[in-house]
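Residue numbers start from 1 in every chain, and the chains themselves are labelled A, B, ... in the order their sequence lines are given, proteins ahead of strands.
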Amino acid sequence: MESKTREITGPIDLEATLETAQTFCWRRTGDEPLEYTTVVDGEGLRVRETDAGVRFETTGLPRQWVESLLGLDDPLDEIHRKLEHDQRAAEAIDRYGGMRVVSDPFFRCLASFIISANNNVDRIYRSVQELSRRIGTEVEGYGHGFPAPDDVVEAGEERLRNIGLGYRAPYVVESARMIAEDEFDAERVQELPYEEAHEEIQRLHGVGPKVGDCVLLFSLNYTEAVPIDTWMQRAIEDHYPELVGSNYEETAENFRRRFGGYAGYAQNYLFHLVRVEEEAAKPYPEI
DNA sequence: AGCCAGGTAAGTC
DNA sequence: GACTTACATGGC
């Protein structure tokens with residue numbers, strides 16, 4: 001079946017958006033032009049960067065869903081205006097202005113960030129891709145989608161351990177079970193104000209304050225959520241010492257007060273900035 | 001060999 | 001509540 005390509009206009013930096021540990025379910029399938037492929041809800045999606053925005057082809061995803069997945073439905077100009085008063089945020093916007101904040105499907109986002117705990121980005125990618133390849137369903141020409149909660153429950157803890165999730169395997173299975181058995185409803189969480197949603201999301205196994213903030217920011221559209229991992233903690237200590245609180249919640253709240261309702265975007269820019277700087281500062285590996 | 005990686009759960013006090 | 005520790009796995 002031939003699917004026609006359609007276009008969405010609006011500035012977007014696909015590499016900065018899809019390869020900076022917001023989402024782990026896209027594969028880069030082309031370099032010039034940049035092209036990424038994923039499967040969502042049983043439908044294939046391929047996206048290419050253009051001068052004006054992106055061109056995409058899909059087996060059946062609505063256009064609006066594609067926009068949402070890539071974060072193209074957030075008012076980027078307004079967000080930039082609200083963050084530019086800050087020197088480092090302005091610098092990051094200048095360099096990575098087309099970086100969006102994604103709205104990933106709930107369960108794959110949740111599972112990815114449960115797996116992210118005390119882990120590194122490369123291995124998170126590998127684990128998520130392996131989960132898809134081994135348990136997820138393939139869409140011809142687009143690869144495998146991330147498995148649904150009941151597929152993960154059926155696969156079970158041992159299978160997930162064999163895939164390499166280690167001690168996080170039972171967390172992923174238990175959270176999947178809660179969702180599959182309607183003990184947890186993401187859509188209902190989404191109706192709550194941020195503070196309540198942040199408490200609620202932590203009912204899931206393997207979800208603490210940081211992973212919870214990632215899911216709220218990268219899936220449930222809470223642009224004020226500020227995930228503080230080891231990188232962000234260091235960045236805040238180095239560049240915003242006055243915002244350091246005595247615990248996670250306090251630091252996050254200070255950061256939120258400083259940057260406002262789009263604090264999550266500020267977090268994302270700073271996270272990317274410090275990681276790029278760290279990469280650049282790495283000594284040339286000795287032989 | 002030992003430390004670190006987008007932390008959390010379970011156990012103490 | 002605040003503080004400590006174990007935790008799978010792989011790269012360096």
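For the pair A/L69/A/F56, no side-chain contact is recorded, criterion being any heavy-atom separation below 4.5 Å from C-beta on.
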Enumerate the protein-to-nucleotides 3-6 of chain C contacts in which both atoms are nitrogen or oxygen and the separation is below 3.5 Å.
none

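B/dT8 and C/dG10: their P atoms are spaced 22 Å apart (whole Å). Rounded to a whole angstrom, the distance from the C1' atom of C/dC7 to that of B/dC3 is 15 Å. Spacing of P atoms, C/dA6 relative to B/dC4, comes out at 15 Å, to the nearest Å.
Nucleotide C/dT9 holds its P atom 14 Å from the CD atom of A/E130, rounded to whole Å. Straight-line distance from the CD atom of A/E249 to the C1' atom of C/dG1: 12 Å, rounded to whole Å. C/dG11 atom C1' lies 18 Å from atom OH of A/Y125, rounded to whole Å.
Among residue pairs with one or both ends in residues 223-248 of chain A, those qualifying as salt bridge (charged side-chain N to carboxylate O under 4.0 Å, His left out) are A/E242-A/R258; sequence neighbours excluded.
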Quiz item: Going 5' to 3' along nucleotides 2-8 of chain B, which nucleotides have protein heavy atoms under 4.0 Å from the base (write B), which only from the sugar-phosphate (write S), and which from neither (write -)?
Solution: ---BBBS
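Legend: residues meeting side chain to side chain contact (heavy atoms under 4.5 Å, CB included) with A/Q129, ordered by chain and number and at least two apart, are A/R27. Partners of A/P75 by side chain to side chain contact (heavy atoms under 4.5 Å, CB included), not counting sequence neighbours, listed by chain and number: A/E78, A/I79, A/Y262. Listed by chain and residue number, A/L18, A/C25, A/W26, A/V102, A/D104, A/R108 satisfy the side chain to side chain contact (heavy atoms under 4.5 Å, CB included) test with A/T23 (two or more places apart in sequence, or in another chain).
Neither side chain, A/T5 nor A/E57, offers a donor N or O lying under 3.5 Å from an acceptor on the other.
Looking only at distances, a side-chain donor or acceptor of A/R168 sits under 3.5 Å from a matching main-chain atom of A/A117.
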Quiz item: Given the rule in the side chain to side chain donor-acceptor pair (under 3.5 Å) test, do A/Y240 and A/D86 qualify, once you have shown the distances and angles that lead to the verdict?
Solution: CA-CA 11 Å; A/Y240 305 92; A/D86 179 86; 2.7 Å; yes
